[in-house]
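Here is the structure we will look at.
We're numbering straight along the sequence, starting at 1.
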Amino acid sequence: MKRSLKIFGVCLALSLTLSGCGTENGGQPSESEQEKVSDSLNHSFDAKATIKMGDIEAEADINRTEEGVCTVRLTNPKGLSGMTFSFDQENVTISYMGLSLELDNDSVLTSSMTKAVVASINMAAQPHGVSMALEGDALIIKGTTESGDFTLKLDRSDYSVLTLSIPNLDLECNFNPFHYQE
């Protein structure tokens, strides 16, 4: 039961992801590139994600239609495959095997991890308050929210999100493939 609740928490946190000016390892991106990154992060996307939180691992399909509005469907572990989390600005609906439960976005189950992930993505989408650096073929965005530091890694060729890390929550998420919608 505790393991299922942890997986549930991890999925809640990731699904809302799916609502700078520093230098590091290669220099600072231009202002126009920073604007392109911001524009890209504010688009809708589809992604497959591998989510790790501590010793828990899950896989999910994530569809974000706008900031804070998305759907996450678990595909692994098998026991939770098909469980769907639908998020909007105010509520979270969890559906599984024909049953649905709606929770307030401020409830205990959705507050700490969910707000940390959403705040990280929203902060990274802004041109101020984060540091952005070039690292090989990647852009690294670092910032701090009330939940602590985060690192978001993007592919420099199309600004797709590769990874999100929130060390204070022992949360790592790998996105593959990641596609922005038109």
Side-chain angles (χ1 to χ4, degrees), residues 9-54 57-76 85 87 89 112-182:
V10 168
C11 292
L12 286 174
L14 287 173
S15 61
L16 291 179
T17 50
L18 316 184
S19 357
C21 48
T23 62
E24 178 178 286
N25 294 338
Q28 179 176 339
S30 67
E31 265 188 56
S32 66
E33 188 166 31
Q34 291 178 21
E35 289 175 14
K36 289 177 186 176
V37 169
S38 179
D39 289 344
S40 293
L41 288 174
N42 282 308
H43 271 85
S44 301
F45 68 79
D46 290 310
K48 292 193 180 294
T50 300
I51 307 152
K52 293 180 182 178
M53 185 170 173
E57 185 171 329
E59 294 176 6
D61 292 328
I62 301 173
N63 175 265
R64 178 180 173 196
T65 56
E66 61 185 81
E67 183 180 326
V69 179
C70 65
T71 301
V72 174
R73 188 178 64 78
L74 290 179
T75 57
N76 201 19
F85 302 85
F87 297 85
Q89 300 287 342
S112 65
M113 286 187 300
T114 300
K115 287 181 180 177
V117 172
V118 170
S120 298
I121 298 295
N122 288 341
M123 177 77 74
Q126 303 305 314
H128 306 292
V130 296
S131 66
M132 187 181 297
L134 304 176
E135 189 175 278
D137 292 335
L139 285 164
I140 306 298
I141 301 173
K142 292 185 177 191
T144 302
T145 66
E146 64 185 45
S147 297
D149 298 336
F150 71 89
T151 302
L152 191 66
K153 184 176 183 179
L154 285 77
D155 183 318
R156 193 168 179 204
S157 66
D158 64 1
Y159 307 116
S160 61
V161 178
L162 300 173
T163 62
L164 172 64
S165 175
I166 305 174
N168 286 358
L169 300 177
D170 196 18
L171 178 69
E172 297 288 331
C173 181
N174 294 301
F175 298 91
N176 189 17
F178 185 100
H179 302 285
Y180 285 111
Q181 299 170 355
E182 295 297 320

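- Scanning all heavy atoms of the two residues, the minimum distance from F178 to A47 falls at CD1-CB, 3.7 Å.
- Taking both residues in full, the closest heavy atoms of Y180 and D158 are given as CE1-O, 3.8 Å, listed atom of the first, atom of the second, then distance.
- Separation of atoms CD (Q28) and OG (S131) is listed at 9.5 Å; rounding is to 0.5 Å.
- H43 NE2 to S38 OG: the interatomic distance, rounded to the nearest 0.5 Å, is 11.0 Å.
- In this structure a side-chain-to-backbone donor-acceptor pair under 3.5 Å is missing from E59 to K48.
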Please step through side chain to side chain contact (heavy atoms under 4.5 Å, CB included) for the pair D149 and K142, ending with a clear verdict. CA-CA 7 Å; D149 298 336; K142 292 185 177 191; over 6 Å; no

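- With rounding to the nearest 0.5 angstrom, the CD atom of E57 is 6.0 Å from the OG1 atom of T50.
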Test log, rule side chain to side chain contact (heavy atoms under 4.5 Å, CB included), inputs E33 and L139: CA-CA 10 Å; E33 188 166 31; L139 285 164; 4.1 Å; yes

T145/I166 under side chain to side chain contact (heavy atoms under 4.5 Å, CB included): CA gap, chis, key distance, verdict: CA-CA 10 Å; T145 66; I166 305 174; over 6 Å; no

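- Open room surrounds CG on D137; 12 or fewer heavy atoms of other groups in view lie less than 6.0 Å from it.
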From CA spacing to verdict: side chain to side chain contact (heavy atoms under 4.5 Å, CB included), N176, L162: CA-CA 7 Å; N176 189 17; L162 300 173; over 6 Å; no

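- From F45, atom CZ reaches atom NE2 of H179 across 12.0 Å, with rounding to the nearest 0.5 Å.
- Using modelled atom types, no side-chain atom of D61 and backbone atom of R73 make a donor-acceptor pair closer than 3.5 Å.
- Distance CG/D46 to CG/N63: 4.5 Å, rounded to 0.5 Å.
- Under the 4.5 Å side-chain criterion, counting only non-hydrogen atoms from C-beta, V130 is in contact with F150.
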